[in-house]
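This chain uses plain numbering: 1 for the first residue, then up along the sequence. None of these values were measured; they are calculated from a predicted model.
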Amino acid sequence: KFMAFIRYKGKTKTAWLPVTTSTVMTKGDIVSYSSGLLIRATSSSTSTPTTIASDTTIASTDADYATARSVPVLVPLEKNVIWLADVTATLATTDVGGEFDLTDAATVNRGASTVDAVICTGFVSTTKGYFTVNFNAGKQ
């Protein structure tokens, strides 16, 4: 079972931001923006995943699932907040410093580096690592 992104080091604050209606989200998902509303980040998300879903799980069975509302998310107060995250494909100690894509909103794809959404800052195991969000991803 994947656990999503968990803040390991660095300062964040909780902000309430508007979420796209009828969006499923799990606590710890990286979120992005679409038309000014939060969505779950995807494998093609670049510099827009600037917040992490916090204390929020939205299920399709929730009473307010299709309601326009704001949800709490963690917003980094520092550029290099470090997150513990699960990894698809085998992470190696030599991957520290490497830039990788997301598999989905909850995992890093060590096997892809097209949009470089995150930077590996530490090796935990072949399936877990420490990462910062790459705010310069997709910017040339």
Taking C-beta and beyond as the side chain, do [X] and [Y] meet within less than 4.5 Å on heavy atoms?
| X | Y | result |
| --- | --- | --- |
| T121 | V96 | no |
| I119 | T132 | yes |
| Y65 | V24 | yes |
| L74 | K13 | no |
| W83 | T12 | yes |
| F123 | Y130 | no |
| V87 | K128 | no |
| L17 | Y33 | yes |

Do T103 and T88 have a side chain donor and acceptor closer than 3.5 Å?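 Yes - a donor-acceptor pair under 3.5 Å links their side chains.
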
Looking at E78 and K11, would you say the former's side chain and the latter's main chain have a donor-acceptor pair under 3.5 Å? yes

Minimum-distance pair of heavy atoms, taken over all atoms of [X] and [Y]:
| X | Y | result |
| --- | --- | --- |
| A41 | L102 | CB-CD1, 3.8 Å |
| N109 | G111 | OD1-N, 2.9 Å |
| V81 | R7 | CG1-CG, 4.0 Å |
| R40 | M25 | CD-CA, 4.0 Å |
| V115 | S43 | CG2-O, 3.7 Å |
| T90 | D95 | O-OD2, 4.0 Å |

Sorted by chain and number, sequence neighbours left out, salt bridge (Lys or Arg N to Asp or Glu O under 4.0 Å) with D101 holds for none

Is there a side-chain contact (heavy atoms from CB on, under 4.5 Å) between K27 and T56? Walk through the geometry before answering. CA-CA 5 Å; K27 179 180 176 177; T56 302; 5.8 Å; no

Might you work through the side-chain contact (heavy atoms from CB on, under 4.5 Å) test for I58 and V19, ending with a clear yes or no? CA-CA 10 Å; I58 303 172; V19 66; 4.2 Å; yes

Can you tell me how far the [atom1] atom of [X] sits from the [atom2] atom of [Y], to the nearest 0.5 Å?
| X | Y | atom1 | atom2 | value |
| --- | --- | --- | --- | --- |
| S22 | D62 | OG | CG | 11.0 Å |
| D116 | E99 | CG | CD | 4.5 Å |
| I30 | L38 | CD1 | CG | 12.5 Å |
| I6 | I82 | CD1 | CD1 | 14.5 Å |

Using the rule given for side-chain contact (heavy atoms from CB on, under 4.5 Å), can you reason through I39 versus S32, listing the C-alpha separation, both sets of side-chain angles and the distance that settles it, and then say yes or no? CA-CA 5 Å; I39 59 169; S32 187; 4.1 Å; yes

Could you walk me through whether D104 and T42 satisfy the side-chain contact (heavy atoms from CB on, under 4.5 Å) test, starting with their C-alpha distance in whole Å, then the side-chain angles of each, then the deciding distance to 0.1 Å, before giving a yes or no? CA-CA 5 Å; D104 54 34; T42 67; over 6 Å; no

